[in-house]
Protein chains: 2
Amino acid sequence: MTDPERPRQRMTKGERTRQRIIDSATELFSRSGYRAVSLRDIAAHAGLTHAGVLHHFPNKEATLIHVLSRRDEIDAPLVLDPGLSHRALIENILWIVERNADTPGLVSLYVNLSAEATDPAHPAHKYFVQRYRVLRESLTTAFTVLLGNRDTPSPQVAAQQFLALQDGLQIQWLLEPEVVNMRATVLSYLRGLGIELPEEPILRRPETDLEAGHDLMAEASRRTIDPGSTDPDR
Amino acid sequence: MTDPERPRQRMTKGERTRQRIIDSATELFSRSGYRAVSLRDIAAHAGLTHAGVLHHFPNKEATLIHVLSRRDEIDAPLVLDPGLSHRALIENILWIVERNADTPGLVSLYVNLSAEATDPAHPAHKYFVQRYRVLRESLTTAFTVLLGNRDTPSPQVAAQQFLALQDGLQIQWLLEPEVVNMRATVLSYLRGLGIELPEEPILRRPETDLEAGHDLMAEASRRTIDPGSTDPDR
DNA sequence: GTCTATAGAGGGATAGAC
DNA sequence: GTCTATCCCTCTATAGAC
């Protein structure tokens with residue numbers, strides 16, 4: 001899988017084009033969702049024709065798979081590293097909430113996709129089912145410790161509430177950014193659970209094992225298209 | 001506006017067809033969202049051609065407006081009746097949560113539409129902005145009283161959290177209905193706020209002033225198409 | 001009130017030139 | 001590696017017959 005951190009100079013021309021295509025797909029899917037964006041839209045944004053895009057990816061669905069995979073390469077280590085403390089997991093999620101408030105496009109991508117993907121026929125359906133399973137599991141473990149001997153909510157319910165709160169807030173925030181403070185509202189929920197975190201934003205990205213948790217998407221990808229086989233340049 | 005309670009016998013043929021079209025549109029939008037459903041899909045489901053649909057509605061957008069208006073005629077009195085007590089408002093919302101768990105299509109409609117409609121260019125954008133404004137306002141007033149002299153969360157934040165929780169839970173529930181109990185999880189949130197409600201479902205629809213709050217959609221409709229002018233039969 | 005026919009735009013995907 | 005050209009499909013919307 002392409003390493004987004006590798007300097008562009010060291011990439012082949014094909015790799016750079018693939019990168020540009022995924023950048024464009026990310027931005028356009030973010031704005032309007034997967035189904036409403038055409039290959040021609042993506043191609044125009046990336047500066048080539050739709051046939052050019054289909055030289056690098058076998059079909060439209062493959063571009064979506066790559067967009068999601070790349071997000072996971074960046075974020076998965078923050079939440080799936082098994083070496084993470086329970087507190088660090090919550091802090092890292094809070095950091096993501098914080099960063100989201102600066103990247104409305106990214107938020108829009110996940111809001112649109114997670115809604116579309118509730119349809120079992122959607123190409124990203126399995127991906128989102130898997131995603132929420134993994135996140136709920138991690139959070140349930142963390143809350144089991146962090147909630148101490150509280151009896152309500154249960155760690156399982158707290159995990160569902162915590163994730164639901166973030167998703168729901170994103171919709172309200174996209175509709176009216178001025179009236180919703182995602183970070184403060186999530187913090188307030190955690191305080192209600194007796195979990196105190198610093199009021200100030202974290203700013204810098206938390207340090208992580210960059211190799212951790214990269215395979216959240218792996219199963220879903222394999223069921224559809226092997227991303228590795230779609231690069232005719234290597 | 002058509003009264004959905006009036007017996008079908010007393011409707012003209014045109015009214016019945018319009019009703020069937022809106023029923024079909026509701027079901028299909030619920031399954032796949034607005035943009036992914038075509039007029040031909042709606043027409044086929046309602047048992048006529050797409051040209052037949054366009055005889056009753058000037059364009060696709062008008063069907064969406066009518067679908068949303070009809071939902072509001074049913075649900076708005078439950079949350080916008082000014083004669084409602086603060087406790088009754090929360091109970092009515094809980095009743096809606098309860099009913100939602102029996103109507104996945106309806107849940108899917110709002111999940112898909114509220115995501116699509118975060119785009120300012122979406123025909124239902126203004127509608128959803130308005131919808132959340134009104135709901136937050138009602139809930140803020142209710143929480144101002146119900147939270148007593150708690151200082152955290154503020155009534156405004158509680159209103160945002162309460163709505164966000166419901167929206168986010170719907171996504172998780174649509175993805176994996178077996179692992180999410182929407183009613184119990186919302187109840188647990190309210191208990192955390194010190195608001196105790198009966199553990200058992202409410203079952204029957206709460207009684208309301210059926211005329212209350214019908215104009216949530218009115219402004220948004222007027223800005224696009226006057227629904228009254230689209231029925232050539234009257 | 002509903003249909004067929006059609007216009008005109010745009011979608012995904014493929015073949016083959018360069 | 002990228003293009004043009006093309007196929008074939010589906011979309012929204014309109015015109016006009018019945």
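It should be emphasised that the depicted structure is a prediction, and the values quoted were computed from it without experimental measurement. In what follows, chains carry the letters A, B, and so on, assigned in the order in which the sequence lines appear, proteins first and then strands, with residues in each chain numbered from 1.
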Colleague: Answer yes or no: side-chain N or O of A:Arg40 and base N or O of C:dG10 forming a donor-acceptor pair under 3.5 Å.
Modeller: no
Colleague: Aromatic contact between A:Phe128 and A:His122, with the criterion being ring centroids under 6.0 Å apart: yes or no?
Modeller: no
Colleague: Expressed in angstrom and rounded to an integer, what is the separation of A:His50 atom NE2 from D:dC8 atom C1'?
Modeller: 12 Å
Colleague: Nearest nucleotide by nearest heavy atom, which residue falls closer to the 5' end of DNA chain D, A:Gly52 or B:Arg35?
Modeller: A:Gly52
Colleague: Choosing from D:dT14, C:dA13, C:dG11, which nucleotide comes nearest the side chain of A:Asp41?
Modeller: C:dG11
Colleague: A:Leu39 near the nucleic acid: base, sugar-phosphate alone, or nothing, with a heavy-atom cut-off under 4.0 Å?
Modeller: sugar-phosphate
Colleague: Rounding to a whole Å, what distance do you find between B:Phe57:CZ and C:dT2:C1'?
Modeller: 15 Å
Colleague: For B:Glu137, does the CD atom have more than 12 heavy-atom neighbours from other residues, nucleotides or ligands under 6.0 Å away?
Modeller: no
Colleague: So, B:Tyr132 versus A:Glu176: side-chain donor-acceptor pair below 3.5 Å or not?
Modeller: no
Colleague: Nearest of D:dT2, D:dA13, D:dT6 to any side-chain atom of A:His55?
Modeller: D:dT2
Colleague: Side chain of A:Glu27, backbone of A:Asp23: donor and acceptor closer than 3.5 Å?
Modeller: no
Colleague: From CG of A:Leu28 over to P of C:dG11, roughly how many Å is that when rounded to an integer?
Modeller: 12 Å
Colleague: Starting the side chain at C-beta, find the nucleotide from D:dA13, C:dG11, D:dT4 nearest to B:Asn59.
Modeller: D:dA13
Colleague: Let me spell it out: for each of B:Thr17 and A:Leu54, pick the nucleotide of DNA chain C with the closest heavy atom. Which residue's pick is nearer the 5' end?
Modeller: B:Thr17
Colleague: How is B:Val53 classified with respect to the nucleic acid when contacts are heavy atoms under 4.0 Å: base, sugar-phosphate, or nothing?
Modeller: nothing
Colleague: Looking only at side-chain atoms of A:Leu48, point me to the closest of C:dA13, D:dC3, D:dA15.
Modeller: D:dC3
Colleague: When you check the phosphate oxygens OP1 and OP2 of D:dT2, does a side-chain N or O of A:His56 lie under 4.0 Å from one of them?
Modeller: yes
Colleague: Taking only side-chain N and O atoms of B:Ser38, does any of them lie within less than 4.0 angstrom of OP1 or OP2 on D:dT10?
Modeller: no
Colleague: If you compare every side-chain N and O of A:Thr49 against the phosphate oxygens of D:dT2 (OP1, OP2), does one of them come in below 4.0 Å?
Modeller: no
Colleague: Distance only, no hydrogens: is a donor on one side chain within 3.5 Å (strictly under) of an acceptor on the other, for B:Asp41 and B:Ser38?
Modeller: yes
